[in-house]
Engineer: 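Dropping a structure here in structure tokens format, bear with me for questions.
Hydrogens, waters and symmetry mates are skipped; everything else that's a heavy atom, side chains included, is used. Note that the structure is a prediction, hence the values are computed from the model and not measured. Per chain, numbering begins at 1; letters A, B, ... match sequence-line order.
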Amino acid sequence: MRKKQKKIATFPELPQAKKGEVVTRFPPEPNGYLHIGHAKAAIISREYAKRYGGKFILRFDDTNPEKEGEYYQPQKEDLKWLGIDWDEEYCTSSNLEKHYKLAEKLIKEGNAYVCCCSPEEIKSSRFNRKPCKCRKNSIEKNLAKWSELFYMPEGKAVLRLKADLESPNTAMRDPTLFRLIDAPHPIQGKKYRCWPTYDFAGAVEDSLSGVTHAFRTKEYELRDEVYYYLLDKLNLRKPLLIEYSRLSLKGMPVSKRIIKNLIDERKVAGWDDPRVPTLRGLRRRGIQPNAIHQFVLSLGISKVESEITFDQLEAINRKNLDPVSKRLYFIPNPTRLIIHGVSPRETELRLHPQFDLGKRSLKVGRVFYISKQDVNQLEIGEKIRLKELYNVEIKKITEKEVWGDYEGEKLLPKIKKIQWVPENYAELEVICPKEIFVDGAYNQDSLKTLTGYVEKEIENIKSDEIVQFERFGFCRIEKNGKLRAFFCG
RNA sequence: GCUCCCGUGGUGUAGUCCGGCCAAUCAUUCAGGCCUUUCGAGCCUGGGACUCGGGUUCGAAUCCCGACGGGAGCACCA
């Protein structure tokens, strides 16, 4: 009966794409947990590989030992949770020998040179478009210096591409290809100390690993020229570069740096704080992987820089959750309700109004709890219905309690139906994450906590399960030591 | 400062390459209604946009020029 075919957002066709011959990659630097920006990158690449029946590679771009940490495994966990699988996996750091050979080729053909100038000198000669003294060294001298380079102190020299110092594109003014780093590498340890830069490693790895379509964010656009120029000099196949805009969310920092600051300042609890758009944060908040996929797909791959509101993701999430989430009653700000003229009973309620998700049974007496918000709307003499139970006529309302009379079982038209819990309830804390920044300033109320009563049935809900508290919203239940719920729409 | 990229409703997005079928798509949001023992989901109706100014053309969201606005890069980070 519910077969309604919903339009699912898709990406546009890929240029120069042949069925079965598309190879894409996701190349994170293993220096932290994955966030929704990474998810966008991974989903775009993965999606296209799948669409054209091609191959998708996970490549760890771990070429800066100063920054890399032990995040290979956590990042893979994040990807798996997201529902991303890959056909191949490797680390750029395991290909350094190949990189050295290619560097040597560049030098031999006069396309790269060892530069011993200070960073300041390099910077100013770039700015002034003037060659430095190292640039005119002979090929023989450069080859000699290249072999010496491996034994020079850190920061003493670099290998530079001999490109175009006159270029209006600053990225083309002899970019650095290799530099010395003494910090130990998380996998390679102290085996290497001459490491390729992004410009070199990224282009070379894409080409060598067979990538046909390489996606990256817009801020790399100026480096396209370097990418193609370098591969041209190396006589390597050129993948097609495609840029898209970076994902930014309103009031929610995606940048690792800003999230780290928030953690350091104790403004958020950690990398899995529900206010933060790391995959771990989103997971705790109750955002499901399929919603993230649909969300990313709906954004497309345009280059327009935009600030997306979180409610779009929540809306998708809710729709996915609706048919599969159990319904329970939760009462925020509970107020006691005492009924006259009824005897205790046991009742069974469906866990979902349309689908068979099972039932829960409740023992009810004369005492109930209903929410303060509902009480505020009540009038003396009004008939209401305790949802799925029976009707009640309101007799008396005080600050602390409400009294009512039993008014029969028959469903009356047009009366309020409100949720309730019996006296045998469980207490529950509901965490409601809000935007971290409002008008650029930290939002003190970004993590509201609400307490209330919930049905005992909550004990049968598994940790991590998402339920819908009727007339309240969807919440993810967490039970690690402490019972808590996280509001997700 | 220089260079590059981008500019469609409140928010995203399709359309822009190859001008007409675009009095502009879809989603979300907002307003109202229907359905429903939920303020969820579903259904229906409505509001709301081609940054501006020139030009080319019978005709421009689409092409050209200029302005304005936003973003990025100018690292021995990725």
Engineer: Check whether any side-chain nitrogen or oxygen of A:T197 sits under 4.0 Å from OP1 or OP2 of B:C77, and answer yes or no.
Structural biologist: no

Engineer: Does A:K233 make a cation-pi contact with A:Y229, if we ask for NZ or CZ under 6.0 Å from the ring centre and within 45° of the axis?
Structural biologist: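 Yes, A:K233 and A:Y229 form such a contact.
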
Engineer: The side chain of A:E29 is closest to which nucleotide in this list: B:C77, B:C76, B:G73?
Structural biologist: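 For A:E29, the side-chain atoms sit closest to B:C77.
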
Engineer: Picking from B:C77, B:G73, B:G40, which would you name as closest to the side chain of A:D322?
Structural biologist: B:G40

Engineer: Which pair of heavy atoms, one from A:F437 and one from A:P253, lies closest together, and at what distance?
Structural biologist: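 Closest approach of A:F437 to A:P253: CE1-CG, 3.7 Å.
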
Engineer: The side chain of A:K387 is closest to which nucleotide in this list: B:U38, B:A78, B:U29?
Structural biologist: B:U38

Engineer: Could you check whether any side-chain N or O of A:D232 sits under 3.5 Å from a backbone N or O of A:Y228, counting only pairs where one atom can act as donor and the other as acceptor?
Structural biologist: no

Engineer: Confirm from the modelled atom types if A:Y220 and B:A72 form a donor-acceptor pair under 3.5 Å, side chain to base only.
Structural biologist: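 A donor-acceptor contact between them is absent.
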
Engineer: Considering only B:C77, B:U37, B:U38, which nucleotide approaches the side chain of A:N64 most closely?
Structural biologist: B:C77

Engineer: With respect to the phosphate group of B:A78, does any side-chain polar atom (N or O) of A:R179 fall under 4.0 Å of OP1 or OP2?
Structural biologist: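 Yes.
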
Engineer: Give the C-alpha distance, both sets of side-chain angles, the deciding distance and a yes or no for side chain to side chain donor-acceptor pair (under 3.5 Å) between A:N95 and A:E205.
Structural biologist: CA-CA 9 Å; A:N95 282 343; A:E205 286 306 325; 3.1 Å; yes

Engineer: Over how many whole Å does the gap from A:E221 atom CD to B:G71 atom C1' extend?
Structural biologist: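 A:E221 atom CD is separated from B:G71 atom C1' by 11 Å.
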
Engineer: Could you state the CD-P distance from A:E407 to B:U37, rounded to the nearest angstrom?
Structural biologist: 21 Å

Engineer: In whole angstrom, what separates A:Q294's CD from B:C26's P?
Structural biologist: 19 Å

Engineer: Which sits closer to the 5' end of RNA chain B, A:N169 or A:F178, going by the nucleotide each is nearest to?
Structural biologist: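 Comparing both residues, the 5'-ward one is A:N169.
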
Engineer: Determine the Euclidean distance between corresponding C1' atoms of B:U36 and B:C43; express it in Å to zero decimal places.
Structural biologist: 11 Å

Engineer: Nearest to the side chain of A:E305, which nucleotide is it out of B:G70, B:G40, B:C5?
Structural biologist: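 Taking heavy atoms from C-beta onward, the closest nucleotide is B:G70.
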
Engineer: Rounding to an integer number of Å, can you tell me how far A:K123 NZ sits from B:G73 P?
Structural biologist: 14 Å

Engineer: Between C1' on B:C5 and CZ on A:R223, what's the gap in Å once rounded to a whole number?
Structural biologist: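 In whole Å, B:C5 C1' and A:R223 CZ are 15 Å from each other.
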
Engineer: Identify which nucleotide among B:G40, B:U11, B:C5 has an atom closest to any side-chain atom of A:K218, counting heavy atoms from C-beta outward.
Structural biologist: B:C5

Engineer: Which of these nucleotides, B:C77, B:U38, B:G73, is closest to any side-chain atom of A:E219?
Structural biologist: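 Taking heavy atoms from C-beta onward, the closest nucleotide is B:G73.
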
Engineer: Please give, in whole Å, the distance from B:U38 C1' to A:L349 CG?
Structural biologist: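 Between C1' of B:U38 and CG of A:L349: 13 Å.
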
Engineer: Roughly how far apart, to the nearest Å, are B:G70 and B:A27 at atom P?
Structural biologist: 32 Å

Engineer: Under 4.0 Å: is that the gap between some side-chain N or O of A:R318 and OP1 or OP2 of B:U29?
Structural biologist: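 Answer is yes, contact under 4.0 Å.
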
Engineer: State, with a plain yes or no, whether a side-chain heavy atom of A:T92 is found less than 4.5 Å away from one of A:H99.
Structural biologist: yes

Engineer: Nearest of B:G12, B:C39, B:U37 to any side-chain atom of A:Q312?
Structural biologist: B:G12

Engineer: Determine the Euclidean distance between corresponding P atoms of B:C17 and B:C63; express it in Å to zero decimal places.
Structural biologist: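 It works out to 5 Å between them.
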
Engineer: State the CE-SG distance between A:M152 and A:C194, to the nearest 0.5 angstrom.
Structural biologist: 10.0 Å

Engineer: Rounding to an integer number of angstrom, what distance separates B:G54 and B:A14 when you compare their C1' atoms?
Structural biologist: 28 Å

Engineer: Using only side-chain N and O atoms of A:R126, determine if any of them is under 4.0 Å from OP1 or OP2 of B:C76.
Structural biologist: yes

Engineer: Can you check the distance between B:U56 and B:G12, where both ends of the measurement are the C1' atom (answer in whole Å)?
Structural biologist: 33 Å

Engineer: By the 4.0 Å heavy-atom rule, please label A:P27 as base, sugar-phosphate, or nothing.
Structural biologist: nothing

Engineer: Nearest to the side chain of A:P168, which nucleotide is it out of B:G73, B:U3, B:U37?
Structural biologist: B:U3

Engineer: Within 45 degrees of the ring normal and closer than 6.0 Å to the centroid, is that where the cationic atom of A:R345 sits relative to A:Y390?
Structural biologist: no

Engineer: What is the nucleic acid contact for A:C488, judged by heavy atoms within less than 4.0 Å: base, sugar-phosphate only, or nothing?
Structural biologist: nothing

Engineer: Any side-chain N or O of A:T309 less than 4.0 Å from the OP1 or OP2 oxygen of B:U11?
Structural biologist: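 Checking A:T309 against B:U11: no side-chain N or O falls below 4.0 Å of OP1 or OP2.
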
Engineer: Can you find a pair of side-chain heavy atoms, one from A:L240 and one from A:Q16, that are under 4.5 Å apart?
Structural biologist: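 In short, these two side chains touch, coming nearer than 4.5 Å.
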
Engineer: Give me, pair by pair, the N or O atoms of the protein and of nucleotides 13-18 of chain B that are less than 3.5 Å apart, along with how far apart they are.
Structural biologist:
residue	atom	partner	partner atom	Å
B:U13	OP1	A:S302	OG	3.2

Engineer: Sticking with atom P, work out how far B:C44 lies from B:C35, rounded to a whole angstrom.
Structural biologist: 15 Å

Engineer: Between the side chains of A:D199 and A:T197, does any donor sit under 3.5 Å from an acceptor?
Structural biologist: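 No, no side-chain donor-acceptor pair sits under 3.5 Å.
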
